Colleague: 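There's a structure below that I have some questions on.
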Amino acid sequence: MKFTLNWLKDHLETEASLQEITDKLSMIGLEVEGVEDRAETLKPFTVAYVKEAKQHPNADRLRVCIVDTGTEEVQVVCGAPNARTGMKGVFAPVGSYVPGIDLTLKAGKIRGEASNGMLVSEREMGLSDEHEGIIDLPEDAPLGASFAEVAGLNDPVIEIAITPNRGDCLGVRGVARDLVAAGLGTLKPLDTTRKEGSFESPIKWRRDLPADRQEACPFVAGRYFRGVKNGPSPKWLQDRLRAIGLRPISALVDITNYVTYDLGRPLHVFDADKVKGDVVMRFAQPGAEILALDGNTYTLDDTMVAIHDDNGPEGIGGVMGGEVSGCQDDTTNVFLEVALFDPDMVAQTGRKLGIHSDARFRFERGLDPRDFVLFAFGGAGPLHAVAIARELGVPEVLVPARPGLTNALGCLVADLRQDLVNTINEPLATLDMGVVKDTLETQRAQGEAINAAEQDEIVDLPAFLRLHPVVRIELSVVPRTRR
Amino acid sequence: MFHQVEGLVIDKKSHMGHLKGTLTAFCRAFFGVDDLPLRFRPSYFPFTEPSAEVDIGCSREGGELKIGPGKDWLEILGCGMVHPKVLANCGIDPEEYQGFAFGMGIERIAMLKYGFPDLRIFFESDLRWLKHYGFVPLEIPSMVRGM
């Protein structure tokens, strides 16, 4: 999992330095694999103006360029087809180390013409595989300025290893939340203001799953957006995606990728005009074929949930969208899919089809049914969790049944006096709702008694459904300070 | 090829503190550094809960790795409290029994201790190599001679 420092700070309010943040990450189980500070590696490279590019006298494919670096004019021999008079490019001076080709530049002669430095491509900068030509900067790029700054690359990239139990940290916000819990700042509030729709969606979701296999896709929602204009996404968004190694495609696709990495929430957008009828979440027909977004055709079977419209399967649930109903540059109406899938189903589907996708990676590690739930561990877990949740302003607390590390090491001390947790460990299918209701009633009564005795506290009654191999309902009544 | 050694302690009272003490004592004796700092980093293994990875203190100044108190850390092993499910699946009541486990690569820690640059030479059965590093083929390590 990669992210940039500024991206993290979108969610994390902190005074801590990069070093303090990376140290803390390693110590809370999010092992830092590397920090790439490209402002440092790209330091020698600056914006330069190609004053003149003329044909090399002794070579058909080379050009001799007079380059204005802002401080001096130098002659450079360049083989790129797009090198031309009047362009702005990126100049690597003699003595600089060019990361993409692992070479330190020396002054020299190429076919008899002096060459003092280099105009570089993205591949030579180690930024991408792009080697069709040299980097073509916009005309208004300031002469002599640092390339890293102009290209938005002056933001350190942090890479962390995520163990399989930490699906919650497969989004930048999850990482920020964990750092906050470790005392490294405060979590910035996320704007989740609900925007009411102004028209009824012409496409509707339907879940058509057998009664005993509802958990394969317990929830799906959608939203129809009319009259959007697709095209390249804004520069800041492209910069962030590139920084973590993703290739920007178009605004619509980039947004879904961004949300996947920002909030750990995979999304899919359909080109609504290519969807026929309503969309149905159901198990695929054995032998049904689908052309997926990666350009390959996959054969589905009846253990896989697929998204169907009247034309057939349009997406592989939790794994990958379909090519036919995917968004293109000319897409104007889109339908957004937000779904939850059973981690086991997604893992098995992905393994059978041999697809590794960002969506699969997240769904098979278990996505939270609601966003922004705090996971609590430890014998007195709920107490700790509530204490932390109060600090963070997290509205939900989720308590796994097993004790965990934080408590084992005695790191946290709760200041609450009440612990009214009740865990019901039962498969959802056989769960007696009467028992649940009784438990809730009893606990509510207890909680209200506490509430009455202590005026400054309110009683919350959250109920959770945890989407893990064994579906488990956990109920807790916890007193919290009134906000 | 490499070898992994695993340690497992199961009884009624062993806890994380015992795990920490055991590994600290072992690492200090093995590397012969009395004030060797150890760092237990939370991690995840499916068969232990909680789990930790253990780093030992080192310094990498001047391109030379020196084990002991220093600015850097070097990861050498994984450990944790045995997962109750593992005990239950072995027919041991996890309500009554608990314990800890750890594992490390034998060649890896030997390489660190003696400064061997290459792992493959372990398996070449070359007596000259053994002698070069001052070992006799049937030598038994003892606390008196250093481990």
Side-chain angles (χ1 to χ4, degrees), chain A residues 1 19-20 22-35 160-170 174-175 178-179 181-184 343-344 347 364-366 375-381 384 399-412 423 425 468-470 472, chain B residues 9 12-24 37-60 70-89 92-103:
Chain A
M1 165 84 191
Q19 185 67 43
E20 285 166 335
T22 52
D23 285 351
K24 187 64 94 180
L25 282 169
S26 280
M27 286 317 290
I28 58 176
L30 305 172
E31 191 179 354
V32 175
E33 300 218 299
V35 178
I160 53 176
I162 305 278
T163 52
N165 60 330
R166 296 307 305 271
D168 62 309
C169 286
L170 290 172
V175 175
D178 231 30
L179 282 169
L184 211 87
D344 283 359
E364 70 186 8
R365 278 161 178 74
F375 284 76
F377 297 90
H384 293 140
V399 185
R402 291 270 167 247
L405 186 71
T406 23
N407 185 58
L409 296 180
C411 301
L412 296 169
T423 305
N425 248 329
H468 253 259
V470 178
R472 182 160 64 213
Chain B
V9 174
K12 290 184 181 173
K13 288 198 175 113
S14 291
H15 55 66
M16 195 99 187
H18 295 125
L19 168 65
K20 219 176 150 178
T22 305
L23 291 175
T24 305
L38 268 79
R39 178 170 89 164
F40 288 69
R41 246 183 320 105
S43 186
Y44 173 80
F45 305 109
F47 32 84
T48 50
E49 171 63 30
S51 311
E53 285 181 337
V54 178
D55 300 342
I56 54 173
C58 68
S59 85
R60 292 192 175 89
K71 274 204 317 217
D72 301 306
W73 294 98
L74 182 70
E75 181 187 329
I76 59 160
L77 62 90
C79 63
M81 299 302 294
V82 180
H83 200 292
K85 271 265 190 299
V86 173
L87 295 176
N89 288 344
I92 298 166
D93 181 6
E95 297 294 323
E96 195 176 346
Y97 291 93
Q98 59 183 36
F100 60 80
F102 56 85

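Worth saying up front: this structure is predicted, and the values here are computed from it rather than measured. By convention in this document, chain letters (A, B, ...) are assigned in the order of the sequence lines, proteins followed by strands, and residues within each chain are numbered from 1.
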Colleague: For the CE atom of A:Met27 and the CH2 atom of B:Trp73, what is their distance to the nearest 0.5 Å?
Modeller: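 Going from the CE atom of A:Met27 to the CH2 atom of B:Trp73 covers 8.0 Å.
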Colleague: Rounded at 0.5 Å granularity, tell me how far CD1 in A:Ile162 sits from OH in B:Tyr44.
Modeller: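 The OH atom of B:Tyr44 is 13.5 Å from CD1 of A:Ile162, to the nearest 0.5 Å.
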Colleague: Between atom CD of A:Glu31 and atom CD of B:Glu53, what is the distance when rounded to the nearest 0.5 Å?
Modeller: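 The CD atom of A:Glu31 sits 5.0 Å away from the CD atom of B:Glu53.
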Colleague: Which heavy atom of B:Ser43 sits nearest a heavy atom of A:Thr163, and at what distance?
Modeller: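 The pair with the smallest heavy-atom distance is OG-CG2, 3.8 Å.
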Colleague: How many angstroms lie between CZ in B:Arg41 and CG in A:Leu25, if you round to the nearest 0.5 Å?
Modeller: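 Rounded to the nearest 0.5 Å, the CZ-CG separation comes to 11.5 Å.
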